[in-house]
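Below, each value reflects all heavy atoms present in this structure, side chains not excepted, and no hydrogens, waters or symmetry copies. Given the structure is predicted, the values throughout are model-derived calculations rather than measurements. Residue numbering restarts at 1 for every chain, and letters A, B, ... go by the order of the sequence lines.
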Protein chains: 2
Amino acid sequence: MHSSDAPEGASPPDKLWSLVTWLVGHVYVDSRRLVTDAFGNSTSRTDLAVLAGLAEYGPVSQAVLGRRLGMNLGDMVAVLKRLEAQAWVTRREDPQDRRRHTIAITDDGAAALDRLEERALAAQAELLEPLSPPQREQLVTLLQTIVGHHRDYRRPEGGASGTPA
Amino acid sequence: MHSSDAPEGASPPDKLWSLVTWLVGHVYVDSRRLVTDAFGNSTSRTDLAVLAGLAEYGPVSQAVLGRRLGMNLGDMVAVLKRLEAQAWVTRREDPQDRRRHTIAITDDGAAALDRLEERALAAQAELLEPLSPPQREQLVTLLQTIVGHHRDYRRPEGGASGTPA
DNA sequence: CCTGAACGTTTGTTCGTCAAACGGTCCAGG
DNA sequence: CCTGGACCGTTTGACGAACAAACGTTCAGG
């Protein structure tokens with residue numbers, strides 16, 4: 001027939017090509033690769049998220065920070081350990097509640113955040129290269145809508161639940 | 001107050017909220033969770049991709065199949081082993097080239113594919129719930145553009161490339 | 001015949017997500 | 001007072017998926 005004239009590896013199956021869950025998986029892999037390459041071996045993607053959170057919220061406890069970022073609290077420990085080792089954040093006991101550790105970003109951390117953000121934006125630009133500026137805005141809006149919607153599900157606390165009305 | 005009436009965990013940092021690479025990560029996690037739940041423990045997402053590829057391309061070698069799907073050839077081995085154990089695919093030596101194994105989907109595999117596709121579409125519908133039909137089309141188009149663009153990078157072989165003109 | 005390339009396979013590493021448990025701490029109710 | 005339950009940070013382990021490197025076998029071309 002004709003189908004074999006394409007060198008090969010040209011087009012994925014139609015069924016997958018229109019399946020958002022499959023497309024998202026591929027975009028994610030590309031995105032991950034670009035950002036990871038841009039950051040190097042010493043810094044992970046979660047590090048940027050944590051630094052950005054601290055920069056915006058000011059000093060907070062790990063639990064609050066983790067919930068806002070949608071992160072597992074257990075995984076936060078390792079991230080903060082790494083960030084503190086680089087003197088990008090400080091952690092001190094909250095005198096009013098000795099269960100809590102108040103995390104704050106340092107000047108070095110803020111500088112690192114700027115660098116990382118810049119690289120992340122460069123990686124993003126590479127990812128979105130085939131899209132026009134208005135298309136990029138569209139994409140951001142659509143993704144925000146999805147994330148905003150599903151984040152309410154995922155809250156294990158607030159037990160209320162069931163049918164909310 | 002306006003901003004603090006939300007209990008907490010309401011809004012992520014602005015810098016992340018407009019960062020596509022971060023948004024994609026979250027959408028991917030949600031997507032993965034939905035599809036995984038829909039498929040159950042016995043079937044992975046890659047299984048669907050392989051079955052869909054076989055159904056569309058007809059019998060092919062593992063290498064060709066893997067490249068078209070953008071999959072690692074090593075990982076394909078485990079997937080095919082699992083699929084063959086369920087009698088969803090058959091593998092036979094190619095008499096003309098004994099290096100190759102020709103993979104074909106069985107009737108059971110085609111039936112399984114139908115079931116899986118149905119569940120995947122249901123998961124997709126849940127993922128895209130907050131989007132209107134035209135928005136969903138927009139999203140598909142944008143994601144296709146991105147994936148289509150970056151798939152050309154990732155080809156280690158066929159070196160030609162550079163600027164495709 | 002020999003060399004290089006392609007195929008399928010095995011093995012191992014890395015990263016991020018997730019679940020479960022644990023001791024320490026706070027707070028409210030008995 | 002003190003006791004129980006909830007929260008905090010932490011550790012440990014499982015899991016899935018992507019990725020890289022090496023290997024023997026087989027083919028094709030010089």
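In this structure, A:S61 reaches the sugar-phosphate backbone alone: every heavy-atom distance under 4.0 Å involves primed, P, OP1 or OP2 atoms, never a base.
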Which protein N or O atoms sit under 3.5 Å from an N or O of nucleotides 10-14 of chain C?
{"unit_1": "C:dT10", "atom_1": "OP2", "unit_2": "B:K81", "atom_2": "NZ", "d": "3.3"}

Distances for protein N or O near nucleotides 27-30 of chain D N or O, under 3.5 Å:
{"unit_1": "D:dC27", "atom_1": "OP1", "unit_2": "B:R98", "atom_2": "N", "d": "2.9"}

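Atom pair B:Y28:OH and C:dG16:C1' shows a separation of 9 Å (rounding to whole Å applied). Going from atom CZ of A:R33 over to atom P of C:dG16 covers 16 Å, rounded to whole Å. Residue A:L80 contributes atom CG, which lies 15 Å from atom P of D:dC8 at whole-angstrom precision. Regarding A:D30, its CG atom lies at a distance of 11 Å from the P atom of D:dA18, rounded to whole Å. Taking atom CD of residue B:E93 and atom P of nucleotide C:dA6, one finds them 20 Å apart after rounding to whole Å.
Using a 4.0 Å cut-off, some side-chain N or O of A:R91 falls inside it from OP1 or OP2 of D:dT10. The side chain of A:R45 places an N or O atom within less than 4.0 Å of a non-bridging phosphate oxygen (OP1 or OP2) of C:dG16. Contact between the side-chain N/O atoms of A:R32 and the OP1/OP2 oxygens of C:dT17 is not found at any separation under 4.0 Å.
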Would you please test A:Q124 and B:L19 for side chain to side chain contact (heavy atoms under 4.5 Å, CB included) and show each step?
CA-CA 8 Å; A:Q124 166 178 301; B:L19 192 62; 3.3 Å; yes
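Closest to the A:V29 side chain, of the nucleotides D:dA18, C:dC18, D:dC8, is D:dA18. Counting only heavy atoms from C-beta on, A:H101 has its side chain closest to D:dG9 among C:dG8, D:dG9, D:dC19.
Taking each heavy atom of A:G109 and A:L51 in turn, the nearest pair found is O-CD1, 4.2 Å.
Within the 4.5 Å cutoff, the side chain of A:V24 has no heavy atoms near those of the B:R32 side chain.
Mapping A:G25 and A:T102 onto DNA chain D via the closest heavy atom, the residue that lands nearer the 5' end is A:T102.
At least one test fails for B:R119 against the ring of B:F39: distance under 6.0 Å to the centre or angle within 45° of the axis.
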